[in-house]
Amino acid sequence: MNETLTQLKDRFEQALVAAFGDELAGTDPILVPASNSKFGDYQSNVAMSLAKKLGKPPRAIAEQIIQQLDVADFCHPPVVAGAGFINLALKTSYLEAQLHAIHTDPRLGVARSQHPQRVIVDYPSPNIAKEVHVGLLRPSVIGDCLARILEFLGHDVIRLSHIGDWGTPFGMLIAYLREAYPEALKESNDIDLGDLSSFYKAARKRFDADEAFQERARLAVVQLQAGDEETIQAWKIVCDLSNRTNRKIYDWMGLSPEIQERGESFYNPLLLGVIEELDRLGLLVKDSGAKCVFLDGFTNKEGKPLPLIVQKSDGGYNYATTDLAAIRYRTEVDQAQRVIYPVGAEQTNHFAQIFQVGRRAGWITDEVEFFYAPLGSILGEDGKKLKSRSGEAVRLIDLLNEAIAHARNDLETRLKEEGRQETEAFIANVANVVGIGAIKYADLSQNRTSSYIFNYDKMLALQGNTAPYMLYAYVRVQGISRKGEINFAELGTDAAIVLQDEAEFTLAKHLLQLDEILSAVEIDLLPNRLCEYLFELSKKFNQFYDRLPILQAEEPQRTSRLILADLTARTIELGLSLLGISVLERM
RNA sequence: GCUCCAGUAGCUCAGUCGGAUAGAGCAAUUGCCUUCUAAGCAAUUGGUCGCAGGUUCGAGUCCUGCCUGGGGCGCCA
């Protein structure tokens, strides 16, 4: 109900001017959702804030405001309460009309942004030379979710993966490819992709054991930098191997297929220009053989200004250089208005540094918002960063598989208890959707900035703020449809919605708040707010479902309740889809 | 040493631009299935919001200091 809020704010501003004169024009009426439903639907806190300025008690100010306030088309008469709060309660007829409007709207009342922007979302940047591990879970799940939400709100979203596809590790892999799979360079040969990690491990083993091999690897890097054709071909084969493996996992996780790979190799030709431009601007300083930009507000352990090294003393570039090139390209060529980096919180300094240099170089202007969205870590039960038993990084694929196995186990136990028979295809599908959904939801439902302890049992729990709980609410609605042979699409656009019971009001009001939540997420990029909203929605639906008969109800309640149930299911489906999670008809 | 982040119920965590009596889930205790999937609903118990000051009509939220934990701090990404 963004539109309702906007209109109410206008009315308040008019009332403020009418009551106290033009100098209060443009005063924010501090209109927020009521802190407690017993106070109504919205409250204005403006009277308290004006007390000092106007030299009157807040309650008197509030009284004067509501005398001038005309909201009769939306609300019951406003009430002054407490220290000077102005409470507003929406009229039933208004709520019913709003529900009717969203019922016939495929977007469920969520308007497209009036100021669409070109937004770049920075997807995780796996080092292509390694198999993806758990460290990529949060950036990919949260980045994907933010991209989906912004796109749904009408923004032009570009999804870019800044993959590590260049540099030293590739020398080793290219050298190993030449040695172990010489035929791969002759014809287009299929290498077993599931074996990416053993390919990497084997290469690593050769590299560590054999000095001559190390020399060949170094040579390969030089050849790669020099653009040697055969080396480039080998490099492409290795990239391909990795990309296809990663893509498989991305697809399985349900990440958007529209991710564009724009890795380090893409920026490689632009790096020299970055250095030259920094030099031209007088920002570049040579220090101990390295080219640096000295930073404002950062010091090293001795208290001296800290440099950001953009070209190493051996002439090589590092990640700061590539990131700066990306900043420049994204503003100058992509013309992005907002660039979002959901990246681990450990990199707070790095982003503050490159943004500072980007600003001083004139690449970041007031016209573009560079938004670093720090992510907390995924921790093990010991409260330390999640590691496998052997102390290595946990492979993402193992994590997904284990969640699915847990979900399958839960489902099979329940089927046995209930004496249900289901096909293997049904069981496999439910386990897959629940398992993947649970992992993603567990990640998204935490405030993105805080770390959380990874626990299969909690994320797959069927009660609480979890994916299965929401899926279950959705399934319940579909059960009504099957049982009553209701086609929700045919309920009719002129069917009346009647709100009588408290549970109906509570559910209905919540259904109308989706656009407010999405607007909040659009600004602060915290997906856990959407999760919270969906959890509340599911709870309110379950209360409604528990208290009120639907199929057995008399008309007009029956149709009205069917519409509320349908709206709930569609809201959950839309909400979960924005989180990147699928729904199930039965579970 | 500098710097960033965190500290809220036994546990895991929310907490909007500072707003009314700080909320969920789990765990514990107890009710509710001849009725649309009980993977649910209802009820009870549980708090010095790390500590001390300050700003404010009003502070979990803003400011200062301190304590504790974690991250980062010159050629890895």
Side-chain angles (χ1 to χ4, degrees), chain A residues 28 30 32-36 38-39 43 45 48-49 51-52 57-58 81-85 87 125 127 162 164 167-168 264 287-292 297-304 306-314 316-320 322-323 344-350 352-353 374 376-377 379 383-385 410-411 414 418 420 434 445-447 449-453 455 457-458 460-466 468-469 471-473 475-484 486 516-517 520 524 526 528-529 531-532 535-536 539 542-543 545-547 549-552 565 586-587:
Chain A
D28 181 356
I30 316 183
V32 294
S35 60
N36 185 321
K38 77 179 179 189
F39 299 131
Q43 65 185 54
N45 303 333
M48 282 87 76
S49 73
K52 186 162 270 181
F85 301 95
N87 291 333
S125 322
N127 189 324
H162 191 104
T168 324
E264 292 168 356
D287 192 85
S288 315
K291 290 180 184 167
C292 321
F298 291 89
T299 52
N300 65 13
K301 287 169 190 170
E302 286 83 44
K304 294 174 183 160
L306 189 73
L308 182 72
I309 293 173
V310 292
Q311 188 168 18
K312 299 186 283 183
S313 48
D314 67 0
Y317 302 106
N318 58 17
Y319 70 128
T322 318
D323 281 342
E346 314 84 61
Q347 301 209 33
T348 301
N349 283 344
H350 171 66
Q353 291 167 3
S377 307
L379 309 176
K384 294 183 176 162
K385 262 198 166 176
D410 288 349
L411 175 62
R414 197 161 51 81
E418 296 173 6
R420 273 169 65 189
V434 170
S445 60
Q446 300 284 331
N447 185 308
T449 59
S450 50
S451 300
Y452 71 96
I453 293 174
N455 181 310
D457 293 331
K458 271 188 184 144
L460 286 161
L462 308 160
Q463 53 283 102
N465 190 4
T466 64
Y469 182 83
L471 291 172
Y472 180 63
V475 161
R476 279 184 142 177
V477 177
Q478 305 318 310
I480 295 169
S481 156
R482 281 191 301 275
K483 179 87 173 194
I486 308 288
E516 294 173 22
I517 295 301
D524 57 29
L526 292 170
N528 64 303
R529 295 222 174 133
C531 294
E532 179 79 19
F535 177 48
E536 288 296 324
K539 266 200 289 193
N542 277 331
Q543 289 159 1
Y545 178 95
D546 200 59
R547 283 176 55 171
I550 299 173
L551 291 171
Q552 280 90 354
R586 293 196 303 125
M587 63 190 282

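Side chains included, hydrogens not; waters and symmetry mates left out as well; all remaining heavy atoms used. Proteins get letters first, then strands, A, B, ... in listed order; numbering begins at 1 in each.
- Within the 4.0 angstrom heavy-atom criterion, base atoms lie near A/N87.
- Nearest to the side chain of A/E346, among B/rC73, B/rA14, B/rG71, sits B/rG71.
- Within the 4.0 angstrom heavy-atom criterion, base atoms lie near A/S35.
- Between B/rC76 and A/K312, a contact under 4.0 Å exists linking OP1 or OP2 to a side-chain N or O.
- The shortest distance between the side-chain N/O atoms of A/Q543 and the OP1/OP2 oxygens of B/rA42 is below 4.0 Å.
- Comparing atom distances between the A/E264 side chain and each of B/rU16, B/rC75, B/rA77 picks out B/rA77 as nearest.
- Going from atom CZ of A/F298 over to atom P of B/rG71 covers 19 Å, rounded to whole Å.
- Shortest non-hydrogen contact noted between A/D457 and A/N455 is N-OD1, 2.8 Å.
- In this structure, A/N542 reaches the sugar-phosphate backbone alone: every heavy-atom distance under 4.0 Å involves primed, P, OP1 or OP2 atoms, never a base.
- Looking at the side chain of A/Y472, the nearest of the listed nucleotides B/rC36, B/rU37, B/rG74 is B/rU37.
- In this structure, A/R547 reaches neither bases nor backbone, as no heavy-atom distance under 4.0 Å exists between it and the strands shown.
- Residue A/K483 is in sugar-phosphate contact alone, with no base atom involved, counting any heavy-atom pair closer than 4.0 Å across all strands shown.
- Remark: A/N465 is not in phosphate contact with B/rA14, judged by side-chain N or O atoms under 4.0 Å from OP1 or OP2.
- Going from atom CE of A/M48 over to atom P of B/rG58 covers 12 Å, rounded to whole Å.
- The distance from atom CD of A/Q353 to atom C1' of B/rC76 is 14 Å, rounded to the nearest whole Å.
- Where stacking is scored as ring centres under 5.5 Å apart with planes under 30°, A/F85 registers as stacked on the base of B/rA20.
- Among the atoms of the strands shown, none is found under 4.0 Å from any heavy atom of A/E302.
- If you check every strand for non-hydrogen atoms under 4.0 Å, A/P468 touches nothing.
- Rounded to an integer number of Å, the gap from CD of A/E418 to P of B/rC33 is 18 Å.
- Taking a pair to require two hydrogen-bonding distances under 3.5 Å in either a Watson-Crick or a G-U wobble arrangement, B/rC2 pairs with B/rG72.
- Here A/Y317 does not reach the OP1 or OP2 of B/rC75: none of its side-chain N or O atoms lies under 4.0 Å away.
- Relative orientation of the A/Y469 and A/F535 rings is perpendicular, given thresholds of 30° and 60° on the angle between their planes.
- In this structure, the CG atom of A/L308 is 14 Å from the C1' atom of B/rC76, given to the nearest Å.
- Between atom NZ of residue A/K458 and atom CG of residue A/N465 there is a gap of 13.0 Å, rounded to the nearest 0.5 Å.
- When distances run from any side-chain atom of A/D546 to the nucleotides B/rC4, B/rC13, B/rG40, the shortest one goes to B/rG40.
- Scanning atom types as modelled, no donor and acceptor separated by under 3.5 angstrom connect the side chain of A/E532 and the base of B/rA24.
- B/rC4 sits 28 Å from B/rU56 when the C1' atoms are compared, rounded to a whole Å.
- Nearest-nucleotide positions on RNA chain B place A/A51 closer to the 5' end than the other of A/A51 and A/Y319.
- Nucleotides of RNA chain B nearest to A/I30 and A/D314 differ in position, and the one nearer the 5' end is that of A/I30.
- A/N349 comes within 4.0 angstrom of a base, heavy atoms only.
- Here the side chain of A/S49 is nearest to one of B/rC17, B/rG19, B/rC13, namely B/rG19.
- Taking only side-chain nitrogens and oxygens, A/N36 never comes nearer than 4.0 Å to OP1 or OP2 of B/rG23.
- Considering only the side chain of A/I453, B/rU12 comes nearest among B/rC36, B/rU12, B/rA24.
- Residue contacts shown for A/E536 are absent, as no nucleic acid heavy atom lies under 4.0 Å away.
- A/K52 places its NZ atom 15 Å from the C1' atom of B/rG18, with the value rounded to the nearest Å.
- We find that A/R529 and A/E532 are not joined by a salt bridge, their nearest charged nitrogen and carboxylate oxygen being 4.0 Å or further apart.
- Both geometric conditions, a ring-centre gap below 5.5 Å and a plane tilt below 30°, are fulfilled for A/F39 over the base of B/rA20.
- Among the protein residues, A/T348 comes within range of the sugar-phosphate backbone only, with heavy atoms under 4.0 Å from sugar or phosphate atoms but none that close to a base.
- Going from atom CZ of A/F535 over to atom P of B/rG40 covers 10 Å, rounded to whole Å.
- Contact annotation for A/K384: no contact, since no heavy-atom pair falls under 4.0 Å across all strands.
- Nucleotide B/rG40 holds its P atom 8 Å from the CZ atom of A/R476, rounded to whole Å.
- The nucleotide whose nearest atom lies closest to any side-chain atom of A/L551 is, among B/rC36, B/rG74, B/rA77, B/rC36.
- A syn base is found at B/rC33: its glycosidic angle is within 90° of 0.
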